[in-house]
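Read through the structure below, which is laid out as structure tokens, and then see the notes.
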Amino acid sequence: MSRQVTIAEIAERAGVSPGAVSFALNGRKGVSEATRTRILLVADELGWAPGAAAKSLTAKKTNSIGLVLARDPANLGVESFFMQFIAGMETELSPRGFGLLLQVAPDTASQLKTLRRWRTTRRVDGVLLMDLREADPRADYFAQHPEFPAVAVADPTAAPGLATVWTDDAEAMREAVRALAAAGHRRIARVAGLSALVHTQIRDAAFRDEIAALGCEGMLLRTDYSPEEGARVTEQAIAASDPPTAFVYDNDIMAIASLGVFARAGLRVPEDVSIIAWDDSLICRYTVPALTTLSHDVVAFGAHAARRLFDVMSGSAPAAFLDSTPRLEVRGSTADAPIRSA
């Protein structure tokens, strides 16, 4: 049986008096909010188990849920996925009188620090976790604190012990590669996002497996999801001695940026090169040519994730929920592979 952490230990670690610790842990006046937060975080680090009074404090409701994203704010401003996802969340939050507390963090460690602070101070009633990484400390932390509601927007393998809402990105990627191969494309490029993210790794593995199964040649190009990086790696790929005739992009904004790259290089879409984008935002339908996409309803995805978090907040046991499998929506940016002279 683990040893009970004492108030004296918490006080020593936090650099405050035992009285201040008692005030903070029991939700009483007498300490500043900054000191209370520091004490609660130290107590959490030491594994302090709250007594009845503190449990009463943490039982208060805030009518808000939290989301911390570790993305470049500049990229968030142009990538439509998160705006659509958050809009979907709001369709479930607003009717219930809930708000969203959104914070952008520079890295995973900062994400975890913010989430721990929110849990220990009961700043929010529950959290959504996104962009999970392999052995993500956020998933491990909330698995160890099942009393606090958390839902991971990720493949179930990335967050054991937590409720998850996910899309079958592996099958979607395989469908894209099969369609391009059936159209005669033998050299296919994948313009991928951040390699540390679990959903990127799942897409990578499916791409490699399907390329190998069909006897095609695959090129994996790594980016940070930004249009600048998408354009840069596309330029490098088409400068190769035997360039790809088809590209699959991990988001829509990189696919849109590639249109300019191909035009400047004198390549026609889709006559000379085919492209497929992910997510199918509205703008994909109004480019020239309109973009073929791996399409799913991102607004509905965000709403689904929010509903599952409310279920967990109401006491439902953690479970895995498949939201959808992105489907290939064929438009004007894909065609049969060009015939190249020997």
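- When every heavy atom of Arg222 is checked against every heavy atom of Val233, the shortest pair comes out as O-CG1, 3.7 Å.
- No side-chain N or O of Asp311 forms a donor-acceptor pair with one of Ser314 less than 3.5 Å apart.
- Identified under the ring pair (Phe, Tyr, Trp, His ring centres under 6.0 Å) test for residues 88-121, with sequence neighbours left out: Phe98-Phe310.
- Shortest non-hydrogen contact noted between Thr167 and Pro326 is CB-CD, 4.2 Å.
- The cluster map of Ile, Leu, Val, Met, Phe, Trp and Tyr, joined by side-chain heavy atoms under 4.5 Å apart, puts Val68 and Met130 in different clusters.
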Worked verdict on Asp280 versus Arg331 for salt bridge (charged side-chain N to carboxylate O under 4.0 Å, His left out): CA-CA 11 Å; Asp280 196 16; Arg331 298 195 182 99; 3.0 Å; yes

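- A donor-acceptor pair shorter than 3.5 Å can be found between the side chains of Thr108 and Arg133.
- Residue Pro160 comes nearest to Thr157 through the heavy atom pair CD-O, 3.8 Å, listed as atom of the first residue, atom of the second, then distance.
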Worked verdict on Glu228 versus Arg232 for salt bridge (charged side-chain N to carboxylate O under 4.0 Å, His left out): CA-CA 6 Å; Glu228 294 81 9; Arg232 181 186 65 80; over 6 Å; no

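- No side-chain donor from either of Tyr249 and Thr223 sits under 3.5 Å from a side-chain acceptor of the other.
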Worked check of side-chain hydrogen bond (donor to acceptor under 3.5 Å, both in side chains) between Asp279 and Ser281: CA-CA 6 Å; Asp279 290 332; Ser281 64; over 6 Å; no

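- Tyr141 and Arg119 share a donor-acceptor pair across their side chains, judged by distance under 3.5 Å alone.
- Closest of all the heavy-atom pairs between Phe207 and Ile188 is CZ-O, 3.5 Å.
- Phe81 and Val165 fall within the same hydrophobic cluster, where Ile, Leu, Val, Met, Phe, Trp and Tyr residues are linked whenever their side-chain heavy atoms come under 4.5 Å apart, directly or through other members.
- Taking the six-membered ring wherever Trp is involved, the centroid distance between the rings of Phe247 and Phe262 falls below 6.0 Å.
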